[in-house]
Participant: 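Mind having a look at this structure? Questions to follow.
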Number of protein chains: 2
Amino acid sequence: MDLDERKRHILKALINDYIVTAEPVGSRTIAKRYRLGISSATIRNEMADLEDMGYLEQPHTSAGRIPSDKGYRVYVDCLMGSEKLSNQEIELIKNSICSVIEGEINRIIKEMTKVLSALTNYTVMVMAPQTMNSMVKHIQLIAIDDLHVMAVVVTNFSVVNSSSITLSRPIDSDKLMTINNILNDKLKGLTLEEINLKIISEVQNSVTGYSEIFNEIIPILYKSLKKRDKGEIYLEGSSNIFNYPEYNAIDKAKQFLTMLDKKDLLRNLLSCDGDSIKISIGHENQYDEISDCSIVTSSYKIGDDVVGSLGIIGPTRMYYSKVTAILEYFISYLNDMLTSYYYDK
Amino acid sequence: MDLDERKRHILKALINDYIVTAEPVGSRTIAKRYRLGISSATIRNEMADLEDMGYLEQPHTSAGRIPSDKGYRVYVDCLMGSEKLSNQEIELIKNSICSVIEGEINRIIKEMTKVLSALTNYTVMVMAPQTMNSMVKHIQLIAIDDLHVMAVVVTNFSVVNSSSITLSRPIDSDKLMTINNILNDKLKGLTLEEINLKIISEVQNSVTGYSEIFNEIIPILYKSLKKRDKGEIYLEGSSNIFNYPEYNAIDKAKQFLTMLDKKDLLRNLLSCDGDSIKISIGHENQYDEISDCSIVTSSYKIGDDVVGSLGIIGPTRMYYSKVTAILEYFISYLNDMLTSYYYDK
DNA sequence: ATTAGCACTCAATATGGCAGAGTGCTAACA
DNA sequence: TGTTAGCACTCTGCCATATTGAGTGCTAAT
């Protein structure tokens with residue numbers, strides 16, 4: 001780090017101020033508002049240096065300075081303190097997660113977005129688990145009547161059901177049960193991802209005498225399992241963006257909200273790997289559409305497996321310390337709950 | 001109708017013009033653009049009358065006129081012609097519905113929003129079917145292992161699954177099957193709505209010897225069935241609103257998009273009954289938030305049962321004839337598809 | 001090395017004048 | 001009596017100009 005103590009103090013003060021006011025910060029403001037023990041003229045000189053080094057920018061000659069992406073980066077990495085959550089906030093998180101933990105996982109995920117967006121005042125996006133990663137616990141063939149069968153696949157955190165399968169001739173329940181048992185023997189314990197054509201044909205070959213009925217059931221079952229599930233995206237608090245003056249210009253707001261309509265883009269944004277909280281600032285993002293936004297992302301897990309991820313998106317002038325603190329707590333609590341509820345050794 | 005022929009022509013011309021340009025329309029514009037065979041001065045007099053009668057409004061003294069809600073109402077009820085869909089549009093609708101009709105119903109519903117919003121350029125909201133209205137086709141108890149059971153209820157258009165039920169002592173598969181059969185006998189053919197505590201206790205009383213296990217399974221099954229399902233709301237094309245100049249003012253856009261975040265409000269808007277397409281203009285709406293919007297709604301059906309509804313929302317200056325035409329075609333096609341796919345006599 | 005002071009720059013805001021669109025009214029006309 | 005041409009009037013939108021205030025960079029003094 002090529003920043004001396006004093007420059008760091010000034011940079012930190014400036015960013016703290018800017019995060020609150022959204023106005024370019026001048027040397028005099030810093031001198032008055034923060035007790036750094038130096039005059040505005042000195043601060044002025046230091047600020048000119050900080051600008052040369054790329055940490056600050058000046059919207060125009062006679063304005064104060066605002067942080068650059070690089071400035072925010074230093075701030076996030078080294079300068080910002082860590083925030084404590086209030087008891088109230090902690091309660092809110094706990095209650096919200098507890099109150100829905102019994103339901104199916106997508107309902108939980110959806111509820112999460114609401115709490116997070118209420119707590120942070122930013123837009124929250126969550127990617128629900130892709131069923132592909134879930135593990136088969138049981139397969140059940142259900143006879144609707146003697147010509148219609150439906151397959152239900154229970155996995156550790158989802159239930160996949162095939163569409164109704166029409167058979168060419170009636171099947172009796174013993175036969176169906178036998179087939180059911182074979183399927184269970186062969187497929188239980190695999191993830192949906194792992195079930196591929198090779199395994200399917202193994203199943204088909206391992207038994208004789210049922211090929212006809214197998215041929216009717218298997219393709220539809222396979223298709224249902226492989227129905228490309230891209231991981232549902234849930235959004236909450238899109239209109240929170242209007243709270244922030246940088247989006248008071250209609251075209252800015254339009255750009256932001258149009259971006260949120262592109263689910264594929266969001267999916268990519270959320271497809272981060274890794275465990276910890278990741279902050280992506282302005283142009284660090286791969287997409288032009290969000291080059292003036294920051295995103296704080298993390299993934300959530302069942303056991304040790306990452307099953308989905310979520311992100312909080314707002315202006316680069318984001319209240320990073322708060323958002324990070326909330327997300328950190330939230331994720332760890334959520335992971336615990338999900339794991340204790342859905343984890344199967 | 002207290003409007004003579006000439007007034008009607010003028011009103012129609014004015015609204016047609018305003019729908020396209022979004023600018024107050026002056027007498028001279030109408031005289032030039034539409035061949036009504038009368039001079040601008042005459043039109044001016046008629047327009048003053050129309051304003052007195054409440055069909056037009058004047059934003060300020062020296063501006064042209066714009067339609068009032070009452071004006072739009074007459075237009076929608078009597079004046080606007082009916083629009084023909086292009087072959088291209090028809091194809092688009094057919095393909096979109098066909099391409100997803102195999103999946104589960106919510107996926108279809110979701111896809112619908114996309115097509116409609118692409119075709120109309122407005123915001124589309126859809127309320128998915130409430131599972132409450134669906135009819136039990138089959139109940140299956142699935143033994144995950146000898147201490148865990150799960151109940152799956154297949155209905156005509158959804159699959160409801162209970163959470164995993166932990167039993168206090170192991171159960172053998174014969175016993176489970178017997179219970180399963182009893183449940184099927186008693187509940188098959190009922191809608192989820194119709195299954196209430198009375199019926200449940202009838203089931204419980206009608207058999208002896210299984211009470212212990214029944215007592216463990218029934219409450220959880222019942223809870224799953226009754227899990228309040230409010231009918232998921234799907235939105236598409238929220239940012240379409242930015243295409244329309246009346247939302248160029250940031251606070252207008254904010255108001256609109258904040259309104260879309262209120263799912264309960266949308267649910268109420270969509271909870272219309274009745275069969276046909278309904279148009280709700282400006283202040284005719286019950287909510288202040290949308291007093292400058294119009295909504296075109298309709299419900300969709302499986303067989304003769306209304307299962308959900310959808311709405312297209314935009315500025316009162318809406319391209320009513322087009323929207324109506326598209327929605328009409330869309331709904332009738334959708335009804336046919338849903339019915340042929342999900343209808344069970 | 002720090003600071004006070006000053007000239008300079010630039011955005012934001014207010015002010016006034018002008019052009020254009022549209023009206024209402026009156027008087028003439030068929 | 002209904003229609004029309006003409007004209008004075010009104011109001012918005014736009015442009016140019018002046019003013020203000022915040023903030024800088026530079027210089028000279030400490």
Side-chain angles (χ1 to χ4, degrees), chain A residues 3-11 13-15 17-18 20-68 71 245-246 248-250 252, chain B residues 3-11 13-15 17-18 20-68 71 245-246 248-250 252:
Chain A
L3 289 175
D4 62 33
E5 182 82 10
R6 193 167 70 184
K7 283 199 173 57
R8 286 214 300 275
H9 274 127
I10 293 175
L11 184 58
L14 189 145
I15 296 185
D17 206 83
Y18 186 66
V20 175
T21 63
E23 295 290 333
V25 186
S27 52
R28 209 151 156 270
T29 311
I30 294 186
K32 263 193 303 184
R33 203 126 46 183
Y34 304 84
R35 321 216 128 277
L36 300 184
I38 44 179
S39 77
S40 73
T42 310
I43 294 174
R44 206 142 57 229
N45 290 330
E46 295 284 32
M47 276 164 70
D49 289 351
L50 284 167
E51 185 177 353
D52 287 343
M53 297 159 106
Y55 296 106
L56 296 179
E57 285 167 3
Q58 212 173 7
H60 55 87
T61 343
S62 68
R65 302 298 206 298
I66 61 175
S68 66
E246 36 270 82
N248 270 355
I250 192 80
K252 282 281 171 193
Chain B
L3 290 175
D4 62 33
E5 181 83 9
R6 192 165 73 182
K7 283 198 174 56
R8 286 214 300 275
H9 274 128
I10 292 176
L11 184 57
L14 189 144
I15 296 186
D17 206 84
Y18 186 65
V20 175
T21 62
E23 296 289 335
V25 187
S27 53
R28 213 156 151 265
T29 312
I30 294 186
K32 263 192 303 183
R33 202 127 44 185
Y34 305 82
R35 322 216 128 278
L36 300 184
I38 43 179
S39 77
S40 70
T42 310
I43 294 175
R44 205 140 58 228
N45 291 330
E46 295 285 32
M47 276 164 70
D49 289 351
L50 284 168
E51 184 175 354
D52 287 343
M53 298 161 106
Y55 297 106
L56 295 181
E57 286 167 4
Q58 211 173 8
H60 55 87
T61 347
S62 67
R65 303 296 208 297
I66 61 176
S68 67
E246 37 268 83
N248 270 355
I250 192 79
K252 282 281 172 194

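Quick note: numbers below take in every heavy atom, side chains included, and nothing from hydrogens, waters or symmetry partners. Throughout, protein chains are lettered first and strands after them, A, B, ... in sequence-line order, and every chain is numbered starting at 1.
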Participant: Heavy-atom nearest nucleotide on DNA chain D for His60(B) versus Gln58(A): which residue maps closer to 5'?
Facilitator: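 The residue mapped nearer the 5' terminus is His60(B).
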Participant: Counting only side-chain heavy atoms from C-beta out, which of dT4(D), dT24(D), dT23(C) sits nearest to Ser27(B)?
Facilitator: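 Per side-chain heavy atoms of Ser27(B), the pick is dT23(C).
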Participant: Which residue, Arg28(A) or Ser40(B), contacts DNA chain D at a nucleotide closer to its 5' end, judged by nearest heavy atom?
Facilitator: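 Per heavy-atom nearest nucleotide, the more 5' residue is Ser40(B).
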Participant: Could you give the CG-to-P distance, from Leu50(A) to dT24(D), as a whole number of Å?
Facilitator: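 The distance from CG of Leu50(A) to P of dT24(D) comes to 12 Å, rounded to the nearest Å.
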Participant: OG1 of Thr42(B) to CD1 of Ile30(B): how many Å apart, nearest 0.5 Å?
Facilitator: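 Nearest 0.5 Å value for the OG1-CD1 distance: 12.0 Å.
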Participant: Give the nucleotide from the list dC10(C), dT3(C), dT3(D) with an atom nearest to the side chain of Asn45(A).
Facilitator: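 The closest nucleotide is dT3(C).
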Participant: Heavy atoms from C-beta onward define the side chain here; which of dA5(D), dG5(C), dC11(D) lies closest to that of Arg44(A)?
Facilitator: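 When the side chain of Arg44(A) is considered, dG5(C) is the closest of dA5(D), dG5(C), dC11(D).
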Participant: Return the value, rounded to whole Å, for the distance between atom CD of Glu23(B) and atom P of dT12(D).
Facilitator: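 Going from Glu23(B) (CD) to dT12(D) (P), I get 14 Å.
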Participant: Could you check which of dT10(D), dG23(D), dT23(C) has an atom nearest any side-chain atom of Ser62(A)?
Facilitator: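 Nearest to the side chain of Ser62(A) among the choices is dG23(D).
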Participant: Would the number of heavy atoms belonging to other residues, nucleotides or ligands and lying under 6.0 Å from NZ of Lys7(B) be above 12?
Facilitator: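 Yes, enclosed.
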Participant: The side chain of Arg6(A) lies closest to which of these nucleotides: dG25(D), dA11(C), dT2(C)?
Facilitator: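 It is dT2(C).
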Participant: Of the nucleotides dT4(D), dC10(C), dT24(D), which has the atom closest to the Ile38(B) side chain?
Facilitator: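 Among dT4(D), dC10(C), dT24(D), the one nearest the side chain of Ile38(B) is dT4(D).
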Participant: Starting the side chain at C-beta, find the nucleotide from dT9(C), dT4(D), dG22(C) nearest to Thr42(B).
Facilitator: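 Nearest to the side chain of Thr42(B) among the choices is dT4(D).
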Participant: Atom CG of Asp49(B) to atom C1' of dG2(D): distance rounded to whole Å?
Facilitator: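 It works out to 13 Å between those atoms.
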Participant: May I have the distance from Leu36(B) (atom CG) to dT4(D) (atom C1'), rounded to whole angstrom?
Facilitator: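 Distance, rounded to whole Å: 16 Å.
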Participant: Roughly, in whole Å, what's the span from CD in Glu57(A) to C1' in dT24(D)?
Facilitator: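 Taking atom C1' of dT24(D) as the reference, CD of Glu57(A) is at 17 Å.
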Participant: Please give, in whole Å, the distance from dG22(C) P to Glu46(B) CD?
Facilitator: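 After rounding, the reported distance stands at 19 Å.
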Participant: To the nearest 0.5 Å, what is the distance between CD1 (Ile38(A)) and NE2 (His9(A))?
Facilitator: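 NE2 of His9(A) is found 10.0 Å from CD1 of Ile38(A).
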Participant: Lys32(B) has an atom NZ; how far is it from atom C1' of dG22(C), in whole Å?
Facilitator: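 Value for this atom pair: 12 Å.
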Participant: Nearest to the side chain of Arg65(A) - dC10(C), dT24(D), dT2(C)?
Facilitator: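 Among the listed nucleotides, the one closest to the side chain of Arg65(A) is dT24(D).
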Participant: When you measure from the side chain of Ser39(A), which nucleotide among dT9(C), dG25(D), dA4(C) comes out closest?
Facilitator: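 The answer is dA4(C).
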Participant: Calculate, to the nearest 0.5 Å, the distance between atoms CD and CG belonging to Glu46(A) and Asp4(A) respectively.
Facilitator: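 Answer for the CD-CG pair, Glu46(A) versus Asp4(A), is 6.0 Å.
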Participant: Should Arg65(A) and Glu51(A) count as an ion pair when the cut-off is N to O under 4.0 Å?
Facilitator: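 Looking at Arg65(A) and Glu51(A), the cut-off is met.
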Participant: What is the nucleic acid contact for Ala41(B), judged by heavy atoms within less than 4.0 Å: base, sugar-phosphate only, or nothing?
Facilitator: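 Base, at least one base heavy atom under 4.0 Å.
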Participant: When the distance from CD1 of Ile30(A) to C1' of dA22(D) is rounded to whole Å, what number comes out?
Facilitator: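 The answer, rounded to whole Å, is 14 Å.
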